[in-house]
Amino acid sequence: MAAFIELRDISKSFGALQAVQPTRLTLEKGEIFSLLGPSGCGKTTLLRILGGFIEPDAGSVIVEGQDLTRQPPNRRPINTVFQNYALFPHLTIRDNIAFGLRMARRPRAEIVRETEAMLDLIQMRGHADKRPDSISGGQKQRVAIARALINKPRLLLLDEPLAALDLKLRQHMLLELERIHDEVGTTFLYVTHDQGEAMGLSDRIAVMNAGRVEQVGPPAAIYEAPASRFVADFIGDTNILDGDVLERIDSNYLRLGLDDFGPVLAWNDKGLKPGDSVHLSIRPEKFTISRERPAGDGQVNTIRGRVVDLIYLGAQTKYRVAVGERHLLVQQQHQRFQLDTRPIRWDEDVWISWHPDDGYMILEQEAPSGEAG
Amino acid sequence: MKKSRGQWILSVPSLAWLLALFLIPCLLVFAVSFRPSGPYGGIGEGWTLETWRSLTNPSYPAIIWRTLWLSAATTVLCIAFGLPVAYAMARMSPAWRNRMLLLIILPFWTNFLIRIFAWRTLLHPDGLIKQVLVQLGLADPNAQLLYNSWAILLVLVYSYLPFSILPLYAAAEKFDFNLLDAARDLGASRLRAFFSVFVPGVSAGLLTTFLIVFIPVLGSYAIPDIVGGPSSEMIGNKIAQRVFNDRNLPHASALSAVLALIVLTPLLAGLVLRRWRGNATGGGRAA
Ligand SMILES: Nc1ncnc2c1ncn2[C@@H]1O[C@H](COP(=O)(O)OP(=O)(O)OP(=O)(O)O)[C@@H](O)[C@H]1O
Ligand SMILES: [Mg+2]
């Protein structure tokens with residue numbers, strides 16, 4: 001079956017700068033799909049290509065089997081929530097929301113009915129006669145969403161919609177967005193450089209870097225099984241240790257020789273052979289830190305180090321542990337009340353340990369931009 | 001809106017200036033129209049309604065009507081030509097904007113009267129424009145391009161176009177062009193986006209243009225005097241004639257008062273309307 005929305009090998013350059021490398025992506029009907037990446041990686045460019053504001057150098061935009069690449073924005077069943085809202089200052093909230101239906105020359109009764117329904121959806125009925133300059137940022141945000149949804153687009157594009165809001169409001173609007181998505185069921189393409197937003201909101205995430213899509217997948221896969229060193233680094237905190245495969249132990253595990261830490265066990269999900277070089281990514285919370293060497297039947301990896309820094313955060317403590325020349329980031333959740341145990345302090349010698357399944361191996365390879373296939 | 005006392009004090013000098021140099025002279029002109037004219041061009045003793053009665057002279061309604069439509073047409077054409085120029089300039093790179101601004105201001109380096117006389121030469125039966133039009137078969141060899149209302153309209157639009165482009169450009173420069181993208185995104189064609197979002201977006205510039213084109217054109221007299229004829233006089237010509245030829249100051253004053261009323265009535269109406277609308281939408285804008 002053909003994909004609901006498809007970007008086929010889209011690329012775009014501005015002069016010498018390749019803003020979007022040839023990229024292919026597919027969106028499924030009704031999902032919230034996020035484009036996540038650092039500033040300047042080409043998210044907005046990709047979004048504007050979908051909206052019809054930028055023509056790609058190559059490739060095509062397919063919506064429900066129809067090629068829309070050459071269609072102007074007003075002929076696409078795609079609407080946008082702009083980064084700075086772009087509400088019309090000369091129109092009331094109600095008229096802003098009704099704008100799309102007016103342009104489509106819908107019958108008057110329908111315009112009134114649909115607009116009122118949208119006002120209810122975003123809970124702004126009481127502000128319908130105000131103008132955009134006399135409502136708050138969060139309210140503008142909601143109006144921009146309602147205005148973009150009123151024409152029942154196949155796809156809603158949101159370009160960093162929460163960037164201008166303060167933290168508290170951002171969290172509230174995130175829930176609000178989920179609620180609206182649940183009610184209308186439209187496919188959302190959500191652009192952000194905030195991994196928290198993307199992880200919390202999305203069904204799937206595409207992580208972008210320098211015009212390339214490095215990985216596409218559900219939040220947990222992106223976090224637990226990063227496809228590249230960049231993804232591992234960009235999403236959350238991690239420790240990346242370089243090394244080579246020493247030997248295969250069985251079909252599931254192999255022994256790695258880490259450059260700075262000696263041999264450790266790792267889960268061989270990639271079928272590697274001795275001699276292959278890899279990066280091992282271990283998230284700080286996967287480590288266990290202890291004074292005594294953890295008892296293990298050789299199935300647990302252990303490294304000796306010294307605490308050089310620690311931050312107590314209540315629910316958890318973050319440690320920086322020096323192992324030779326390297327520093328490792330370790331994070332411990334406090335499961336039990338620990339006042340009766342003696343907490344680990346600065347300059348103490350400690351053991352850090354982790355289960356082989358908790359280290360994830362990343363290969364140094366150039367994956368094609370976007371999804372495989 | 002409540003102004004603080006400090007703000008009032010700040011506006012005292014400008015208010016005094018307006019009072020002494022604008023309002024009082026206007027009232028004096030208005031008052032003179034109720035005095036009889038003196039035999040040698042002066043102002044007579046006593047008060048009379050004679051001058052105002054003589055304004056019922058059947059030639060006046062036609063002149064007032066012509067003045068009004070020429071002013072309105074000039075304003076509309078200046079806006080129609082000025083809007084796209086302002087739009088284009090606001091989208092240009094800063095370097096090109098400055099070049100365009102220079103080009104628009106360039107005509108002011110030549111004296112206004114000289115430029116109008118140049119038009120007279122161009123439109124003259126032996127002039128360049130006439131010759132070219134005849135050669136192209138677009139004009140009859142006997143057609144008269146000069147000394148009519150169309151010639152006046154042409155030169156009025158020519159003269160006032162920069163005065164419309166500049167305020168429209170100033171407004172367009174502040175316009176958020178993302179709004180046009182938003183309109184296009186919501187289904188507006190380029191043209192509809194222009195009219196439903198850009199034009200309201202530069203409404204401040206439109207109002208300024210109206211004020212600095214329509215009102216001066218109402219009182220213009222050099223242009224109709226030079227490129228117009230006896231059958232295409234505007235009210236400004238009549239006022240000048242009453243002052244310089246007939247030396248009848250009360251009559252000239254009455255005509256000036258009529259002109260002032262023509263200007264003031266729509267302005268006051270607009271002001272009242274705005275107040276009223278502002279109150280009607282009430283809560284909306286914090287007034
Ligand atoms: N019209 C343009 N002309 C030239 N370069 C451009 C243009 N638009 C974008 N770029 C460049 O293309 C690259 C990608 O820009 P884009 O706006 O897509 O980034 P982004 O991922 O949206 O970043 P941000 O998170 O800062 O919004 C940037 O290096 C930017 O400078
Ligand atoms: Mg962007």
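Note: hydrogens, waters and symmetry copies are ignored here, and every other heavy atom, side chains too, is used. Within every chain, numbering begins at 1; the chains are lettered A, B, ... in the order of the sequence lines, protein sequences first and strands thereafter.
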Of Arg147(A), Arg75(A), Arg76(A), the largest count of non-hydrogen pairs under 4.5 angstrom with chain B goes to Arg147(A)
Cut-off 4.5 Å, heavy atoms of chain B, and the answer for Ile93(A) is neither
Ile78(A) versus chain B, heavy atoms under 4.5 Å apart: side chain, backbone, both or neither? backbone
For chain B, find which of Asn151(A), Val81(A), Asn84(A) contributes the most heavy-atom pairs closer than 4.5 angstrom. Asn84(A)
Looking just at side-chain N and O atoms, do Asp185(B) and Thr80(A) make a donor-acceptor pair shorter than 3.5 Å? yes
Flag yes if more than 12 heavy atoms outside Arg190(B) fall under 6.0 Å of its CZ atom; otherwise flag no. no
Does Phe22(B) CZ have over 12 foreign heavy atoms under 6.0 Å away? no
Would you find more than 12 non-hydrogen atoms of other residues, nucleotides or ligands less than 6.0 Å from Trp65(B) atom CH2? no
Using non-hydrogen atoms and a 4.5 Å limit, figure out which bit of Ala144(A) sits close to chain B: side chain, backbone, both or neither. neither
Is it true that a side-chain atom of His90(A) and a backbone atom of Ser196(B) form a donor plus acceptor pair closer than 3.5 Å? yes
Quick one: of Asn178(B), Leu179(B), Asp176(B), who has the most non-hydrogen atom pairs under 4.5 Å with chain A? Leu179(B)
Heavy-atom contact with chain A under 4.5 Å, split by part of Arg184(B): both
Where on Ala183(B) is there a heavy atom nearer than 4.5 Å to chain A: the side chain, the backbone, both, or neither? both
